[in-house]
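Below: one structure, written as structure tokens.
Throughout, residue positions are numbered sequentially from 1 according to the sequence presented.
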Amino acid sequence: MEPYYAGALSILPPIIAVVLALITKEVFSSLLLGILTGSLIYTIGSGSDMVIVSTVENTFKIMVDKVDFNIILFCSLLGALVYVISMAGGSRAYGKWAAKKIKGRRSALLSTSALGAFIFIDDYFNCLTVGTVMRPITDTYRISRAKLAYIIDATAAPICIIAPISSWAAAVGSNLKSTGAFESEMEAFVSTIPWNFYALLCIIMVIMVSIGNFDFGPMRRSEIAAINGESSNNNEKTDDDAPTIHAQGTVLDMVVPILALIVFATLSLLYCGGYWGEDPAYHTIAAAFGNTSAGPALVIASFAALLVAFIQFVGRRLLTLKTFMQGVIKGVQAMIPANMILVLAWAISGICRDLLETQVFIGSLVQNDAGLAGNLMPAIIFAIASFLSFSTGTAWGTFGILIPIVVTVAQAIAPSGELTIIALSATLAGSVFGDHCSPISDTTILSSAGSGCVHIEHVSTQLPYACITAISAFIGYVIAGLTLSLPLSLGSAIVVMVVSLTYLHLHNSKRESIHDHYKKATQEQ
């Protein structure tokens, strides 16, 4: 299908999907209506005679074209792995063991944050693995699935975008290389890390939320509901669907398959990147990670981890061959809602990017602002990148579109190069912010799936936290453009965020705290 430039209409599909999802609390129909709207705009704009038939035809064609079966397979295999681990008794045994080691809600939240920061290789892998490992622990201390989803989401893309060895660093590096403006794309990427205010502030925000009583808005309501045993989970099962848990399961039945997944994921990423290939250019870890393809690597890793679980569980007769395979099927079925949302999200993103040329419209806004004073450029770039990433649900697509434009504009305004790094950092930061809070983002969807949280609840509860972080980062970029001072701009952004959270904390202190709710609920048992 040939693209059609729809101008401002190109941002209408994601706006309709997001608004409907927030109003109706139903994400499937909202995404589908957004897709149909985009397909209708394209059909009319491209001059098709049979509008209704062509709209439906284009809708399903873009779905088929944009499905990433590697990610679908990875999610399905990981769902199967989680289910059979639960059937073998590993999750329950690990939860009991961790409850003895982790004393209290604060320790559980900090442990979740630390694990999220540790798994920095890939955001997809991060989202699903952290949720699998930490869900039994957070459930023990009645931490809401919404807060677990927020911590997972806030330590996925924001961590990956500042990790020099990650799939995100590789994607950024390839885009930097294509500009031809840098002698070393890795050096340029590392230079952006201190200026990536949104990612850095996200980490600080997560630590503050984990340590203190910084629950407000929808998140506070979700926390109180979880403490009172009233929260609804995304993967609630009836008694007929609940797995039969083996009484002799041990902690190793949880730890060994997950460690196998981590090890195999690392090795697979290196393998797919050519580390053991014929080309010596990729015989270093950094080069291999820069050349890797995350989807196929994660499929290999999840299958290998499932094979380890098979040997471990069936070999010890915790599960029979029949019950193991039944568990695999049940686990795949549990991931169907997440996979459906992913397919719809990819479709609406594809319609915006490939058919309606949203990136051309947004890119024209950046180019038209080339004459603006360099003082405002980082903040403007941050806002535009945020909007584009939120609308399309892809950070990679956003910085892939904007990096060549931003480098050209920044070098034209300030040939010295200082502004170029700040503007690039603002591009990456805005891309991560939009991706972080967009309902149609892969990582948002996978964070919901990994934590077992209702998707729209995750979106609505984390949005206030993400917006406070983004506003603070925006102020930091305004100051960065005016002063070119990292300590002053980053320090100002941190102060704004801390003051905002402190105000909300003091406001909440007038009411019964989450700790008091938890203490009262546990005493009543």
Any donor-acceptor pair under 3.5 Å linking the side chain of [X] with the backbone of [Y]?
X      : Y      : value
Ser438 : Phe390 : yes
Thr461 : His458 : yes
Ser441 : Cys437 : no
Ser389 : Asp435 : yes

Where is the tightest heavy-atom contact between Ser302 and Leu261, given as atom of each residue plus distance?
->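 Taking Ser302 first and Leu261 second, the nearest heavy atoms are CA-CD1, 3.7 Å.
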
Looking only at heavy atoms, what is the nearest atom pair of Ala305 and Phe264, with distance?
->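 Between these two residues, the closest heavy atoms are N-CD1, 4.1 Å.
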
Charged N to carboxylate O below 4.0 Å: is that the case for Glu223 and Arg105?
->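 Here Glu223 pairs with Arg105 in a salt bridge, since their nearest N and O are under 4.0 Å apart.
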
So does Arg221 pair up with Asp215, basic N to acidic O under 4.0 Å?
->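 Looking at Asp215 together with Arg221, the answer is no, because their closest N to O distance does not fall below 4.0 Å.
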
Criterion side-chain contact (heavy atoms from CB on, under 4.5 Å) against Ile152, the qualifying member of Cys453, Ser448, Ser447 =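 For Ile152, the side-chain contact (heavy atoms from CB on, under 4.5 Å) check succeeds only for Ser447.
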
Qualifying residue for side-chain contact (heavy atoms from CB on, under 4.5 Å) with Leu356, from Ile41, Leu12, Ile11, Leu9 |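 Checked Ile41, Leu12, Ile11, Leu9 against Leu356; only one passes side-chain contact (heavy atoms from CB on, under 4.5 Å): Ile41.
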
With a 6.0 Å cut-off on ring centres, are Tyr150 and Tyr465 close enough?
->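 Yes.
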
Any residue meeting side-chain hydrogen bond (donor to acceptor under 3.5 Å, both in side chains) with Ser113, in chain and number order, not counting sequence neighbours |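 Residues passing side-chain hydrogen bond (donor to acceptor under 3.5 Å, both in side chains) with Ser113: Ser210.
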
For Ile211 and Leu110, what are the C-alpha separation, side-chain angles and deciding distance, and is it a side-chain contact (heavy atoms from CB on, under 4.5 Å)?
-> CA-CA 7 Å; Ile211 293 176; Leu110 286 173; 3.9 Å; yes

Side chains of Ile351 and Ile35: closer than 4.5 Å at any heavy-atom pair?
->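 Yes. Closest side-chain heavy atoms under 4.5 Å.
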
Apply the test side-chain contact (heavy atoms from CB on, under 4.5 Å) to residues Leu355 and Tyr4: give CA-CA distance (whole Å), side-chain angles for both, the deciding distance (0.1 Å), then the verdict.
-> CA-CA 6 Å; Leu355 298 187; Tyr4 162 71; over 6 Å; no

Where does the angle between the aromatic ring planes of Phe382 and Tyr477 fall among parallel (under 30°), tilted (30 to 60°) and perpendicular (over 60°)?
->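 Because their plane-to-plane angle lies in the 30° to 60° range, the rings of Phe382 and Tyr477 count as tilted.
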
Which atom pairs, one a donor and one an acceptor, fall under 3.5 Å between side chains of residues 195-202 and the rest of the protein, sequence neighbours left out?
| unit_1 | atom_1 | unit_2 | atom_2 | d |
| --- | --- | --- | --- | --- |
| Asn196 | OD1 | Ala199 | N | 3.4 |
| Tyr198 | OH | His436 | ND1 | 2.6 |

Spatial distance of atom OG1 (Thr444) from atom CG (Asp153) [nearest 0.5 Å] |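 Going from OG1 on Thr444 over to CG on Asp153, the span is 4.5 Å.
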
Between Glu357 and Ser10, does a side-chain hydrogen bond (donor to acceptor under 3.5 Å, both in side chains) hold up when you go through it step by step?
-> CA-CA 7 Å; Glu357 296 191 318; Ser10 64; over 6 Å; no

